[in-house]
Protein chains: 2
Amino acid sequence: MLNLNHLRIFYHAAKNQNFTAAAKELFITQPAVSAQIKSFENDCSLTFFKKRGRKVHLTDEGYNLYEYSKKIFEYEHLIENAIEEMRELKCGLLRLGTTKAYARYFMPFMISTFRDKYPEIKIQLDEGSSLEMIHSLLSFRNEVAVIARAEDHPDVKFIPFTQEEIILIVSPNHPFAKRGSVSVQDLAKESIIMKELGSGTRKRINELFASCGLTPDVLMETGNAEFIKQLVQRGEGISFIVKEAVRTELKEKTLATAKIEGRRIDLDVSVAYLKNQHLSPPAKAFLTMLDMLEPKDLTLKGIGTLMAQMLAARKRKAEMMKDIKRKTK
Amino acid sequence: MLNLNHLRIFYHAAKNQNFTAAAKELFITQPAVSAQIKSFENDCSLTFFKKRGRKVHLTDEGYNLYEYSKKIFEYEHLIENAIEEMRELKCGLLRLGTTKAYARYFMPFMISTFRDKYPEIKIQLDEGSSLEMIHSLLSFRNEVAVIARAEDHPDVKFIPFTQEEIILIVSPNHPFAKRGSVSVQDLAKESIIMKELGSGTRKRINELFASCGLTPDVLMETGNAEFIKQLVQRGEGISFIVKEAVRTELKEKTLATAKIEGRRIDLDVSVAYLKNQHLSPPAKAFLTMLDMLEPKDLTLKGIGTLMAQMLAARKRKAEMMKDIKRKTK
DNA sequence: TATGATCCATAAATAAATTTTATGTATGAT
DNA sequence: ATCATACATAAAATTTATTTATGGATCATA
């Protein structure tokens, strides 16, 4: 049974070919190094260092052993990283950005699933428009964001998570409420209450009008979905919103909808994070839970664990989506 | 900087999922294990074991760490072996067998070259006929033998080292001494002093006669080369012997020789050792010096060292042979 | 449901190891 | 010759690891 403490001191001494330097690296004094090396050589019945002049140099045996010891301390470093990762996973912080509008109804489920597995990780939830959230990633305020894929950015990786339908909402008294469907031309004649700049919904709606060579008549714009709903209810204008966000209002008939001439507008809900940027273990864990992490980003996990996690994550994701649908209906 | 002592105790505890068993393996008491694990967990701010009933089991973190720690202690084992090897190389024993007859004149050189490189290794030199030396390998009395390849054995590996010429020797007064060459038929009419059974020389001479359908007229047999020389000198009979062994006698004309009708009889000098048997580091070193070790037998040497050694050995061998020729002439 | 065995935890005492302090010696540069 | 550098040594101090002794929980079993 090797004395790995001795080996560590030997390793530093061999690396530097200098006991004093080794002592500095190890935060001990030079006589401590001398003593430990001596004791180690004694235990092995071998000589690893020879003094020539006022310098020490490795013997053949010492060199041979040094080659071996290098690897063990490289490996030790891996273990230290693994421990650090586990610690962060136990008591780290997940800085998560979302859009209030539509993420709200499945965000709680995602978070509670995550907290279930990593009860010690604190979660910091940040809200804003899709564009704001992309900026929050770039400025390192958040590490991961669940947002609409509104605008691409070369440094941000978007991974599609699910799709949300955007529907037209009008006041129940509005003529459109009686019609099965309306044309884009019809819509262009109406006053529109638009989501704020940077919103994914707004982007899709602008594209809708543009595809017909039209521009929407924007009455006002806001980021507050509640405000939009209220204005539409009062007949101040029409708007477009994620279907899930107005499920109750439609059921209770406080808002009405109409199809847009056979078109279906979908919003891609994506998980976004910075490309080529180190992800904290909590962020990795979150993405792994969603099965959205590239394998190359998982280097420090044990391979066995990783495979199991990937398979489990795939299952979890499917179940999660089912659960969300069930719980929100 | 990880406490590898803690890690070792953790490793044994994890392997056994039992602190008491770990303590036994480590030759310490159970409270020592408990205390060290506790201190380790504290240092890492993680929990590696949980108690369930009266048993302990690994947490996820503990399992993860265990997977890592396995490798480090596997590797430690390699280092221990390397140290053991180096130690044996420093103070081991080389048990070497030889044939007195012809090996004598280059054996001293081989040994002094070896002692030069491994001054601490004791050398035990054993002498006997080729066959006796093969038996000495099989009975583990010797590890390596420098002998004539007289008889093969399935468990013994022979590696040709050099060749020695066997010549006819006769008394200077013998009629053959005046003739340039003699036929095998001529030889068959003479009384022959034969080397003992198991000798490589004897084997080649028997083959020589057999190839002509003849049998030698053996006056007597002995393993003692000096005795053979004296008997031949006195004209009691003729004999065959390795040329190098009678160099002086031929020069001083106390013995004469004659060619055997255009034939040249060579004896293969080989280095022999047991196949599929672990070789001690001194034996390996000896064979490496002669560049005669199969690469697969060198597993524990560092690769860099090995390559250098192989190249150096090749050079050394060539020089050694040159040197031997020079010194014995 | 007592009983004993097994297994881990804790605490105080002890032992072992590592490290420091203080100092010495040799070497090489100026 | 002198000084700075670098390792060695010895004794003392400190830190770390281990043991001894004991307690508590669990589980099988009689």
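So that the names make sense, note that chain A is the first sequence line, chain B the second, and so on, each numbered from 1.
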Starting from [atom2] on [N], measure out to [atom1] on [X] and report it in whole angstrom.
{"X": "A:Asn3", "N": "C:dT18", "atom1": "CG", "atom2": "C1'", "value": "10 Å"}
{"X": "A:Asn5", "N": "C:dA16", "atom1": "CG", "atom2": "C1'", "value": "13 Å"}
{"X": "B:Ile37", "N": "C:dC8", "atom1": "CD1", "atom2": "P", "value": "10 Å"}
{"X": "B:Leu58", "N": "C:dC8", "atom1": "CG", "atom2": "P", "value": "12 Å"}
{"X": "B:Lys50", "N": "C:dC8", "atom1": "NZ", "atom2": "P", "value": "16 Å"}

Check whether the side chains of B:His57 and B:Gln17 place a donor and an acceptor atom closer than 3.5 Å, and report yes or no. no
Using only heavy-atom distances, determine whether the side chains of A:Tyr273 and A:Gln277 contain a donor-acceptor pair under 3.5 Å. no
Any donor and acceptor pair, going by atom type alone, linking the side chain of [X] with main-chain N or O of [Y] inside 3.5 Å?
{"X": "B:Thr98", "Y": "B:Glu127", "value": "no"}
{"X": "A:Asn64", "Y": "A:Asp60", "value": "no"}
{"X": "B:Asn142", "Y": "B:Ala145", "value": "no"}
{"X": "A:Thr288", "Y": "A:Lys284", "value": "yes"}
{"X": "B:Arg95", "Y": "B:Arg141", "value": "yes"}

Taking 4.0 Å as the cut-off, does a side-chain nitrogen or oxygen of A:His6 come that near to OP1 or OP2 on C:dA17? no
First and last nt of DNA chain D near chain B, cut-off under 4.0 Å to heavy atoms, 5' to 3', are D:dA17 to D:dC27
Going by number, which of residues 15-31 of chain A have a non-hydrogen atom under 4.0 Å from DNA chain C? A:Ile28, A:Thr29, A:Pro31
Can a salt bridge be assigned to the pair B:Arg8 and B:Glu76 using a cut-off of 4.0 Å between side-chain N and carboxylate O? yes
Is it the case that over 12 heavy atoms from other parts of the model lie below 6.0 angstrom from the NZ atom of A:Lys15? yes
Check: B:Phe10 ring centre within less than 6.0 Å of B:Phe49 ring centre: yes
Parallel, tilted or perpendicular: which describes the rings of B:Tyr68 and A:Tyr75, with under 30° parallel and over 60° perpendicular? tilted
Protein and nucleotides 24-30 of chain C: nitrogen or oxygen contacts under 3.5 angstrom:
unit_1: C:dT27; atom_1: O2; unit_2: A:Arg54; atom_2: NH1; d: 3.4

